[in-house]
*Asks:* 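First the structure, then my questions, so here it is.
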Amino acid sequence: MMKLPLGSGLKHPHLPNAETRVAGHVFVVKGRLEAVASDVLIVPTSSNFVPRRTWWPALELNEEPSAAIGTGRARQLPSRSTAHRPAWILNVAHDGRQSVPWLMAGLDEALEEIKANAPRLGDGRVRPLIAMPTLGVGLGGYDGVRGDVIKSLLDHTTRFVEDSEFDIVIVVENAADYAALQSIRRERHQPTARSAAAEKLATRIRGGDVALLLGAGVSVSAGLPNWDQLLKLIKLDTLPMLDDDAFAAMNVLDRAQLLSRSSGRSLGARAAEATGSGASHMPTLAHCLLASLGVDKAVTTNYDTLYEDACKSANGPKSISVLPREEVTNKQSWLLKMHGDVADPDSIILSRSDFVQYDSERRPLASIVQSLMATSHLIVIGASMTDDNVLRLAHEVLAMNASNNQRRLLGTVVTLQPDSLRAALWDGDFEYVAASQSSSMKVAARDLEILLDGVAMHASDRLPYLLDARYGELLDEEEYEVAEYLRRVAKRIRRFGSADRRHRWLPLLETLEAMGERVNP
C-alpha cells in the first residue's frame with residue numbers, strides 16, 4: 001500500500017465527507033499478527049530495534065531488516081515494496097525503567113508517528129486499520145502485570161481512534177489476554193440500538209446451538225472475486241470475443257455452463273486459479289472476528305481457505321477440519337465446503353450441470369446442512385439466500401416442520417444493508433438483521449465488522465484470567481480475596497498425599513485451572 005512522504009501529515013481529502021465522519025473503533029481478535037489483514041503494523045522490539053524472528057512472518061521478512069528510520073522509541077521499518085504493509089517497531093524493553101506508563105508513552109509515540117505518515121487509503125477501508133499485538137507482555141518484561149498493560153492498552157488506543165482517521169485491531173494469541181480484554185470492554189460497553197442485535201446473537205452462541213453459513217460477501221474484501229467477477233475473469237481467456245452485455249444477460253448458472261463447454265480445461269481448475277490457493281491472500285478482519293466467536297460448526301459456499309486460515313491462527317493448526325476431504329476428530333471444529341475447495345479443484349460446483357448433479361452426488365453433504373437447519377440456529381453472513389442449493393434445503397426443512405405442525409426460526413441472516421423484500425419473504429423462517437443503515441458499501445462493510453466485534457465481545461469466555469495473579473489489577477478488592485482463596489484451595493488439593501483423594505477433587509481442580517489458576521505461576 002502506498003505511503004505519504006514522511007512528515008507530510010496529510011489527511012485523506014479524496015474521501016467523501018459522509019465517510020470521514022464515521023467514529024473510530026478498536027477491534028479485538030484472537031490469532032497471530034501475520035494472519036490478519038491490515039494497513040499498518042506495530043511490532044514490539046528491544047532497544048536494538050531489530051525485530052525478533054517471531055515477528056518476521058508478519059513483517060514479511062526472510063532476513064534481518066535494514067536499520068529502522070527515525071531516532072525515537074518508535075521507528076519505521078524501510079519497506080522493500082509498495083506491496084508490503086508499512087510497519088513501525090516500538091522499543092518496549094524496560095532497561096531498568098519498567099513501568100506501564102513508560103510502555104504506553106512509547107505506544108502513543110508510535111501512533112502519532114503513524115498518524116503523521118499515514119498510508120493512502122486507495123480503494124481500501126473507510127478508515128485504515130492498524131494492527132498490533134498485546135505489547136510488552138512477552139520478552140518486554142511486563143508479563144507479571146498483564147492486567148494493567150491490557151487496561152492501559154485499551155485506554156490509549158481508544159483515545160487515539162477518537163482523534164484520528166484510523167481503526168485499531170489488537171491481535172491476541174493468549175486466551176487469558178483475550179478474555180481479559182473482552183471483559184474490560186463489556187464493562188465499559190454502552191448499549192445502543194445496533195448493539196442489541198450483537199448481544200442477541202452472542203447469547204445464542206453461548207447457548208451452544210449455533211452454526212455459521214458463510215457466503216462470498218465475507219471474502220470479497222480480501223480481494224477475491226464474487227461469482228459474477230469470477231465468471232468474467234474466466235471468460236476473458238475462454239470466450240474473449242463474446243459480447244460482454246450478452247454474456248452478462250444470461251443466468252449465472254448458464255454463463256458457467258457455457259464456459260465449461262467452451263473451455264479445454266476443468267472449470268473448477270480455472271476457478272481455483274482465479275480464487276487463489278489462499279497463500280496470496282490474508283484473512284480479513286471479518287474472517288478473524290468470525291474465527292474468534294468460538295462456533296465449532298460452519299458451512300461455506302466459498303472455495304477459498306480464508307476462514308479456516310483464521311481459525312487455525314486463533315486456535316492452533318489442528319483446531320479445525322475441512323469437510324469432506326478431512327476427518328473430524330473428537331471435539332474438533334469443522335467447516336463444510338458446500339460447493340468445493342481450491343485444494344481440490346474438481347470438487348468445485350459452478351455450472352448448471354454441477355448444480356443438477358449436486359443432489360445425486362453430494363447428498364450426504366446436503367444432509368449435514370439440513371441437520372444444522374433442523375437442530376441449530378444458523379447465522380448466515382455474506383450470503384444473500386439466493387443460492388439454489390441452500391434454498392432447496394431450507395424449503396425441505398420448512399416443509400418437514402410444517403408437516404409436523406412446527407414453526408421454528410431456522411436462523412438469522414446478517415446483511416450489509418436493509419433488505420426488506422427478502423426479510424418479508426422469509427418472515428417467521430429467518431430473522432433478518434442489517435449491519436448498517438448506510439448507503440455506502442464501504443461504510444456498511446465496516447459496520448458489519450463492528451457488529452461481529454460486538455458479538456465476539458459478548459460471546460467470549462469469561463473464565464481464563466480470573467485466578468491468574470498476573471491479571472489481579474482487573475479485580476476489585478472482594479474479587480481479589482476470593483481469587484486468592486481459590487488459588488490456595490488448588491494448591492491444597494495438589495498436596496493431598498493420596499492419589500485417590502486427589503482424583504476425587506479433580507473436577508474442582510480442573511475448573512480452577514480453567515479459570516486461570518496456574519501450577520507454576
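Note that these values count all heavy atoms, side chains included, but never hydrogens, waters or copies made by symmetry. It should be emphasised that the depicted structure is a prediction, and the values quoted were computed from it without experimental measurement. For reference, positions follow the sequence shown, starting with 1.
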*Asks:* Is it the case that the side chain of K442 and the backbone of V126 share a donor-acceptor pair, with hydrogens and angles ignored and the cut-off at 3.5 Å?
*Replies:* no

*Asks:* Which heavy-atom pair separates L293 from I205 by the least distance, and what is that distance?
*Replies:* O-CG2, 3.6 Å

*Asks:* Under the side chain to side chain donor-acceptor pair (under 3.5 Å) rule, what do Y471 and D177 come out as? Steps first, then yes or no, please.
*Replies:* CA-CA 9 Å; Y471 302 88; D177 284 353; 2.4 Å; yes

*Asks:* Does any N or O in the side chain of D167 come within less than 3.5 Å of the main-chain N or O of H25, such that one atom is a donor and the other an acceptor?
*Replies:* yes

*Asks:* Counting C-beta onward and ignoring hydrogens, is there a side-chain heavy-atom pair between M132 and I168 closer than 4.5 Å?
*Replies:* yes

*Asks:* Looking at S460 and Q182, what are the two nearest heavy atoms and their distance?
*Replies:* OG-CB, 3.1 Å

*Asks:* Not counting sequence neighbours, which residues clear ring-ring contact (aromatic ring centres under 6.0 Å, His included) with Y178? List them please.
*Replies:* none

*Asks:* How about CZ on R492, more than 12 heavy atoms from neighbouring residues, nucleotides or ligands closer than 6.0 Å, or not?
*Replies:* no

*Asks:* With a 3.5 Å cut-off and no angle check, do the side chains of S436 and D447 form a donor-acceptor pair?
*Replies:* yes

*Asks:* Less than 4.0 Å between a side-chain N and a carboxylate O, is that true for R185 and D453?
*Replies:* yes

*Asks:* Can you find a pair of side-chain heavy atoms, one from E449 and one from R446, that are under 4.5 Å apart?
*Replies:* yes

*Asks:* Check whether NZ of the Lys or CZ of the Arg R487 lies under 6.0 Å from the centre of the six-membered ring of Y480 and within 45 degrees of that ring's axis.
*Replies:* yes

*Asks:* Side chains of P44 and L90: closer than 4.5 Å at any heavy-atom pair?
*Replies:* no

*Asks:* Locate the shortest heavy-atom distance separating A110 from A74; write the atom from each residue and the value.
*Replies:* CA-CB, 3.4 Å

*Asks:* With distance as the sole test, does Q332 use its side chain to make a donor-acceptor pair with the main-chain N or O of K318 at under 3.5 Å?
*Replies:* yes

*Asks:* Quick one: closest heavy-atom pair of L416 and A444, and the distance?
*Replies:* CD2-O, 3.6 Å

*Asks:* Between atom CD of E481 and atom CD of E484, what is the distance when rounded to the nearest 0.5 Å?
*Replies:* 9.0 Å

*Asks:* Taking the side chain from S313 and the backbone from D309, do they hold a donor-acceptor pair closer than 3.5 Å?
*Replies:* no

*Asks:* To the nearest 0.5 angstrom, please state how far the CG atom of L512 sits from the CD1 atom of I493.
*Replies:* 6.0 Å

*Asks:* Any chance you could measure L452, atom CG, to F27, atom CZ, to the nearest 0.5 Å?
*Replies:* 9.0 Å

*Asks:* Quick one: OG1 on T511 to CG on L486, what's the gap to the nearest 0.5 Å?
*Replies:* 10.5 Å

*Asks:* Do P418 and Q437 have side-chain heavy atoms sitting under 4.5 Å apart?
*Replies:* yes

*Asks:* Hey, is the main chain of V443 close enough, under 3.5 Å, to the side chain of S440 for a donor-acceptor pair?
*Replies:* yes

*Asks:* May I ask you to say whether D39 pairs ionically with R85, meaning some side-chain N is under 4.0 Å from a carboxylate O?
*Replies:* no

*Asks:* Establish, from distance only, whether the side-chain atoms of R73 and S47 form a donor-acceptor pair under 3.5 Å.
*Replies:* no

*Asks:* Can any side-chain N or O of T157 pair as donor or acceptor with the backbone N or O of L154 at less than 3.5 Å?
*Replies:* yes

*Asks:* Check this for me, if you would: do D419 and R422 make a salt bridge, where the nitrogen-to-carboxylate-oxygen distance has to be below 4.0 angstrom?
*Replies:* yes

*Asks:* Just wondering, more than 12 heavy atoms not from R188 lying within 6.0 Å of its CZ?
*Replies:* yes

*Asks:* Are the side chains of T45 and R52 in contact, using a 4.5 Å heavy-atom criterion?
*Replies:* no

*Asks:* Taking the six-membered ring of F49 (Phe, Tyr or Trp), confirm whether the NZ or CZ of R75 is under 6.0 Å from its centre and within 45° of its axis.
*Replies:* yes

*Asks:* Ignoring hydrogens and geometry, is there a side-chain-to-backbone donor-acceptor pair from S292 to K30 under 3.5 Å?
*Replies:* yes

*Asks:* Is E517 salt-bridged to K491, going by a charged N under 4.0 Å from an acidic O?
*Replies:* no

*Asks:* Is a salt bridge present between R146 and D468, judged by a nitrogen-to-oxygen distance below 4.0 Å?
*Replies:* no

*Asks:* Determine, step by step, whether L290 and V218 satisfy the side-chain contact (heavy atoms from CB on, under 4.5 Å) criterion, reporting the C-alpha distance in whole Å, the side-chain angles of both residues, the deciding distance to 0.1 Å, and the verdict.
*Replies:* CA-CA 10 Å; L290 288 165; V218 175; 3.9 Å; yes

*Asks:* How would you list all residue pairs meeting salt bridge (charged side-chain N to carboxylate O under 4.0 Å, His left out) that involve residues 195-218, not counting sequence neighbours?
*Replies:* K200-E431

*Asks:* When you look at K297 and S376, which way does the side-chain contact (heavy atoms from CB on, under 4.5 Å) test go after all the steps?
*Replies:* CA-CA 10 Å; K297 297 170 292 206; S376 302; 3.8 Å; yes

*Asks:* Taking the side chain as every heavy atom from C-beta outward, state whether V149 and L135 have any pair of such atoms under 4.5 Å apart.
*Replies:* no

*Asks:* With side-chain contact (heavy atoms from CB on, under 4.5 Å) as the criterion, how do D296 and W334 come out once you've worked through the C-alpha distance, each side chain's angles and the decisive distance to 0.1 Å?
*Replies:* CA-CA 6 Å; D296 58 10; W334 54 262; over 6 Å; no

*Asks:* If the threshold is 4.0 Å, N to carboxylate O, is there a salt bridge linking D108 and R159?
*Replies:* no

*Asks:* Can you find a heavy atom in the side chain of I114 that is under 4.5 Å from one in the side chain of W88?
*Replies:* yes

*Asks:* Determine whether a donor-acceptor pair (N or O, by modelled atom type, separation under 3.5 Å) exists between the side chain of Y307 and the backbone of N302.
*Replies:* no

*Asks:* Decide, yes or no, whether a salt bridge links E165 with R125 under the criterion of side-chain N to carboxylate O below 4.0 Å.
*Replies:* no

*Asks:* Might you work through the side-chain contact (heavy atoms from CB on, under 4.5 Å) test for I381 and V413, ending with a clear yes or no?
*Replies:* CA-CA 6 Å; I381 300 175; V413 180; over 6 Å; no

*Asks:* If I compare all heavy atoms of V322 with all of E308, which pair ends up nearest, and what's the gap?
*Replies:* CG2-OE2, 4.0 Å

*Asks:* Does Q76 use its side chain to pair, donor to acceptor, with the backbone of A68 at less than 3.5 Å?
*Replies:* no

*Asks:* First locate atom CG of L466, then atom CG of D461, and finally report the distance between them rounded to the nearest 0.5 Å.
*Replies:* 9.0 Å

*Asks:* Does any part of the side chain of V26, heavy atoms only, come nearer than 4.5 Å to the side chain of I170, both counted from C-beta?
*Replies:* yes

*Asks:* So, taking the atom named OG1 in T300 and the one named NZ in K337, what distance separates them when rounded to the nearest 0.5 Å?
*Replies:* 7.0 Å

*Asks:* Would you say that more than 12 heavy atoms from the other residues, nucleotides or ligands in this model lie under 6.0 Å from the CH2 of W505, or not?
*Replies:* no

*Asks:* May I ask you to decide if E64's main-chain N or O and R53's side chain share a donor-acceptor pair within less than 3.5 Å?
*Replies:* no

*Asks:* Grab the two heavy atoms, one from L474 and one from Y465, that are nearest each other, plus how far apart they are.
*Replies:* CD1-CE1, 4.1 Å

